[in-house]
*Asks:* 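Would you mind keeping the following structure in view while I ask a few things?
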Amino acid sequence: QLQLMEFGGGLVQPGGSLRLSCAASGFTLDSYNVGWFRQAPGKEREGVACSLIAGVGSSEGNTYYVESVKGRFTLSRDNTANTMYLLMTSLKPEDTGVYYCAATHLLTTARTICTTESFIDIWGQGTQVTVSS
C-alpha cells in the first residue's frame, strides 16, 4: 500500500519555526514529484511548495513556492530516509492550517503540481499547524 504520513505539526508563536516531515512507505519517494499543500480554516486547500524529481525539468521550473511563503518555507528530501520535509520559518498567523504532503508521477512543472490537485496520486492524512501567541 502506498502511503504518506506527516509528522511535526503543532502550536508555534508568530515569528517561530517548525519543520514538517513526511515519510513514504510502499514506494520510493525519489521516483515521484512531491509537494506540500495546506488548508486554512474556511478556505480551499492550496499548494505551497512543490518539487520535481531531481534532474527533471529546468532549474527554473523544478521547484515552486506560492508567493506568500517564498523566502520563508523550504521543501527538501532525504532519499536515504525516504522522507520529505517542509521547513517553515518566520511563521505568521495566516500560515495556520492543516498541512498535507503529496506525491505524483505526472511529468509536468512544479507549479502545475501545486495548482492542480487532480494530478496528485498519493496524499498524506494531514497535520495541524497553528501559529498563535
Side-chain angles (χ1 to χ4, degrees):
Q1 189 175 1
L2 309 182
Q3 288 186 322
L4 293 170
M5 183 168 291
E6 300 94 342
F7 301 92
L11 174 65
V12 61
Q13 291 188 340
S17 299
L18 204 60
R19 189 179 78 159
L20 305 182
S21 302
C22 174
S25 61
F27 67 102
T28 304
L29 196 59
D30 63 4
S31 298
Y32 282 71
N33 303 312
V34 298
W36 287 92
F37 294 71
R38 71 181 175 193
Q39 186 164 23
K43 295 187 177 181
E44 293 188 353
R45 187 161 53 186
E46 66 169 346
V48 297
C50 291
S51 175
L52 302 184
I53 298 167
V56 174
S58 68
S59 59
E60 296 81 14
N62 61 8
T63 304
Y64 166 85
Y65 295 95
V66 71
E67 192 63 34
S68 60
V69 309
K70 279 183 181 178
R72 300 189 299 120
F73 288 16
T74 304
L75 185 159
S76 63
R77 305 177 189 235
D78 181 345
N79 291 331
T80 59
N82 212 25
T83 300
M84 57 189 273
Y85 305 95
L86 185 68
L87 176 62
M88 305 182 292
T89 64
S90 301
L91 282 161
K92 305 175 182 180
E94 51 264 41
D95 294 318
T96 294
V98 179
Y99 283 71
Y100 301 86
C101 58
T104 177
H105 263 139
L106 188 70
L107 295 178
T108 183
T109 66
R111 183 181 188 280
T112 299
I113 293 169
C114 261
T115 56
T116 313
E117 286 196 14
S118 60
F119 290 167
I120 299 299
D121 297 321
I122 307 165
W123 288 98
Q125 83 288 351
T127 186
Q128 176 70 43
V129 172
T130 302
V131 184
S132 175
S133 55

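All of these numbers come straight from a predicted model, not from anything done at the bench.
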*Asks:* Consider only side-chain heavy atoms of I, L, V, M, F, W and Y, link residues closer than 4.5 Å, and tell whether Val66 and Phe73 are in one cluster.
*Replies:* yes
*Asks:* Quick one: do Cys22 and Trp36 satisfy side-chain contact (heavy atoms from CB on, under 4.5 Å)? Show the steps, please.
*Replies:* CA-CA 9 Å; Cys22 174; Trp36 287 92; 3.6 Å; yes
*Asks:* Are Leu87 and Val129 connected, step by step, through hydrophobic side chains (Ile, Leu, Val, Met, Phe, Trp, Tyr) whose heavy atoms are closer than 4.5 Å?
*Replies:* no
*Asks:* Any side-chain heavy atom of Met84 sitting closer than 4.5 Å to one from Leu29?
*Replies:* yes
*Asks:* Between Phe119 and Ile113, is any pair of side-chain heavy atoms under 4.5 Å apart?
*Replies:* no
*Asks:* Using a 4.5 Å cut-off on heavy atoms from C-beta on, say whether the side chain of Asp30 contacts that of Ile53.
*Replies:*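 Ile53 vs Asp30: side chains apart.
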*Asks:* Could you tell me whether a side-chain N or O of Asn79 sits under 3.5 Å from a main-chain N or O of Asn82, the two making a donor and an acceptor?
*Replies:* no
*Asks:* Are Leu75 and Ile122 connected into the same hydrophobic cluster when the rule is that any two of I, L, V, M, F, W, Y join if their side-chain heavy atoms are below 4.5 Å apart?
*Replies:*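 Yes, one cluster joins them.
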*Asks:* For the pair Arg38 and Asp95, evaluate side-chain contact (heavy atoms from CB on, under 4.5 Å) and give the outcome as yes or no after the intermediate values.
*Replies:* CA-CA 9 Å; Arg38 71 181 175 193; Asp95 294 318; 2.9 Å; yes
*Asks:* Kindly say whether Leu106 contributes a backbone atom to a donor-acceptor pair with the side chain of Asn33 at under 3.5 angstrom?
*Replies:*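 Yes, Asn33 side chain to Leu106 backbone: donor-acceptor pair under 3.5 Å.
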*Asks:* Output, in order, the C-alpha distance, side-chain angles, deciding distance and verdict of side-chain contact (heavy atoms from CB on, under 4.5 Å) for Glu6 and Leu20.
*Replies:* CA-CA 7 Å; Glu6 300 94 342; Leu20 305 182; 6.0 Å; no
*Asks:* On the 0 to 90° scale, with breaks at 30° and 60°, tag the His105-Tyr32 ring pair as parallel, tilted or perpendicular.
*Replies:* parallel
*Asks:* With a 4.5 Å cut-off on side-chain heavy-atom distances among I, L, V, M, F, W and Y, is there a chain of contacts connecting Val98 to Phe37?
*Replies:* yes
*Asks:* Are Val34 and Tyr85 linked, directly or through other ILVMFWY residues, by side chains that come within less than 4.5 angstrom of each other?
*Replies:* no
